[in-house]
Amino acid sequence: MSGPLSGPAEMPEGHTLHRLAQSINEHFAGQVVEVSSPQGRFVESANLVDGTGLVDAQAWGKHLFIGFEAHRWIHVHLGLYGTFDVHTGPPAPSVGQVRLRLVSPSRKGPDGAALTVSSTSYADLRGATTCDMITDSQRAAVIARLGPDPLRADSDPDRVWARISRSRAPIGALLMDQTVLAGVGNVYRAELLFRHRLHPLRPGSTLRRGQVGAMWQDLVELMRAGVSTGRVDTVREEHTPEAMGREPRRDDHGGEVYVYRRLGQPCHVCGSKVRTEVLAGRNLFWCPKCQPKFRSRAAAQ
DNA sequence: CCTCTATGGCGAA
DNA sequence: TCGCCCTAGAGGC
């Protein structure tokens with residue numbers, strides 16, 4: 001594998017999609033692109049935009065929109081294990097279930113004439129849960145359902161506060177709700193709650209405005225770092241493997257984390273064993289000491 | 001070989 | 001709350 005998306009498997013949370021949008025723009029924006037579906041399942045959609053200009057790719061939360069001329073969009077959602085790898089050089093034969101392939105520059109011009117090019121890029125989409133051709137209004141409808149995205153400069157964190165402050169649902173569930181806030185997945189959820197010392201089951205309505213504001217700002221910084229590095233790193237400087245003299249995390253998740261997938265292992269801060277529980281079908285991870293159970297004023301009396 | 005699992009989200013009960 | 005869809009790697013026999 002080559003190109004900016006190579007390396008350890010990326011976790012498809014919001015940062016992955018924003019990074020992917022950047023990469024697609026670097027390689028394909030402003031160019032006539034070949035679009036094909038080697039797997040065969042999306043041939044008709046691919047044919048609609050094959051040989052037309054790719055205008056730009058945009059990410060909103062975990063959704064990716066690749067814009068082409070004539071107001072056509074490819075809507076991609078990677079789901080649990082989709083990948084969209086961008087490579088430089090002549091396209092390798094497609095292996096496995098390549099659902100969609102972009103090749104640029106096109107070997108044929110708009111008039112069908114062959115183009116002479118010095119370099120090519122190609123991108124293979126595999127395992128995605130969504131890959132649809134949509135219109136401007138369909139794209140707008142998808143975006144309208146999404147909450148503010150920490151990676152978009154025009155996002156309004158007050159909308160997040162409004163949703164969290166009037167909900168009795170656990171903060172751990174609200175953070176994963178893409179209509180509350182777009183782009184957070186299981187890793188950022190677990191890590192954000194740890195960094196803010198919040199028990200995952202604490203009701204959203206018991207949080208103070210300042211806490212929610214601090215979490216938003218933290219997410220903006222953590223996820224921006226994730227876009228530039230392509231991995232999720234959430235431990236503070238004093239808790240890095242180097243600072244603590246422990247072995248770096250060595251699995252396919254890439255980044256240094258406090259609690260995500262560390263069930264039974266000692267907390268980097270207090271040494272307590274990390275706990276887990278399933279909430280709405282997803283694994284929660286937290287430190288019972290650093291993230292103590294919330295006791296309301298009524299319950300404490 | 002087989003089974004299990006995961007970073008997500010949808011629709012049916 | 002459950003089952004289902006998509007893929008790939010790990011571990012068991």
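Letters A, B, ... mirror the listed sequences (proteins, then strands); counts begin at 1. As the structure is a computational prediction, the values presented were derived from the model and not from experiment.
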When rounded to whole Å, the CG to P distance for the pair A/L80 and C/dC4 reads 16 Å
Rounded to whole Å, CH2 of A/W60 lies from P of B/dG8 at a distance of 21 Å
- Query: Can you find a side chain N or O atom of A/Y188 that sits less than 4.0 Å from OP1 or OP2 on B/dT7?
  - Reply: no
Quick note, A/E13 side chain, CB onward, closest among B/dA6, B/dG9, B/dT7 is B/dT7
Worksheet item: Would a distance-only check, ignoring hydrogens and angles, find a side-chain to backbone donor-acceptor pair under 3.5 Å from A/Q178 to A/G183?
Response: yes
With the side chain defined as heavy atoms from C-beta on, A/R126 is closest, among C/dA8, B/dT7, C/dC5, to C/dA8
Atom NE2 of A/H63 and atom P of B/dC10 are separated, to the nearest Å, by 7 Å
### Task
Compare side-chain N and O positions of A/H77 against OP1 and OP2 of B/dG9 and report whether any pair is under 4.0 Å apart.
yes
Atom CZ of A/R145 and atom C1' of B/dC10 are separated, to the nearest Å, by 11 Å
Separation of B/dA6 atom P from A/L263 atom CG, nearest Å, is 11 Å
note: A/Y81, atom OH; C/dA10, atom P; distance rounded to Å ~ 17 Å
For this session: Indicate whether OP1 or OP2 belonging to B/dA6 is found under 4.0 Å from a side-chain N or O atom of A/N283.
Result: yes
*Atom P, compared across B/dA13 and C/dC5: separation rounded to whole Å*: 15 Å
Salt-bridge criterion met for A/D177 and A/R189 (N-O under 4.0 Å)
no
> Charged N to carboxylate O under 4.0 angstrom, A/D233 versus A/R231?
Replying inline: yes
Go through the steps to decide whether A/Y188 and A/H15 satisfy the test ring pair (Phe, Tyr, Trp, His ring centres under 6.0 Å), and finish with yes or no.
-> CA-CA 10 Å; A/Y188 280 119; A/H15 70 298; 5.4 Å; yes
Of the candidates B/dT7, C/dA8, B/dG8, the side chain of A/K62 sits closest to B/dG8
A/R72 and A/D136 ion-paired at < 4.0 Å:
no
Whole-Å distance, A/D132 CG to B/dC10 C1', equals 13 Å
- Message: Classify A/R282 by what it touches in the nucleic acid, base, sugar-phosphate, or nothing, heavy-atom distance under 4.0 Å.
- Response: base
A/R261 atom CZ is separated from B/dC4 atom P, nearest whole Å, by 17 Å
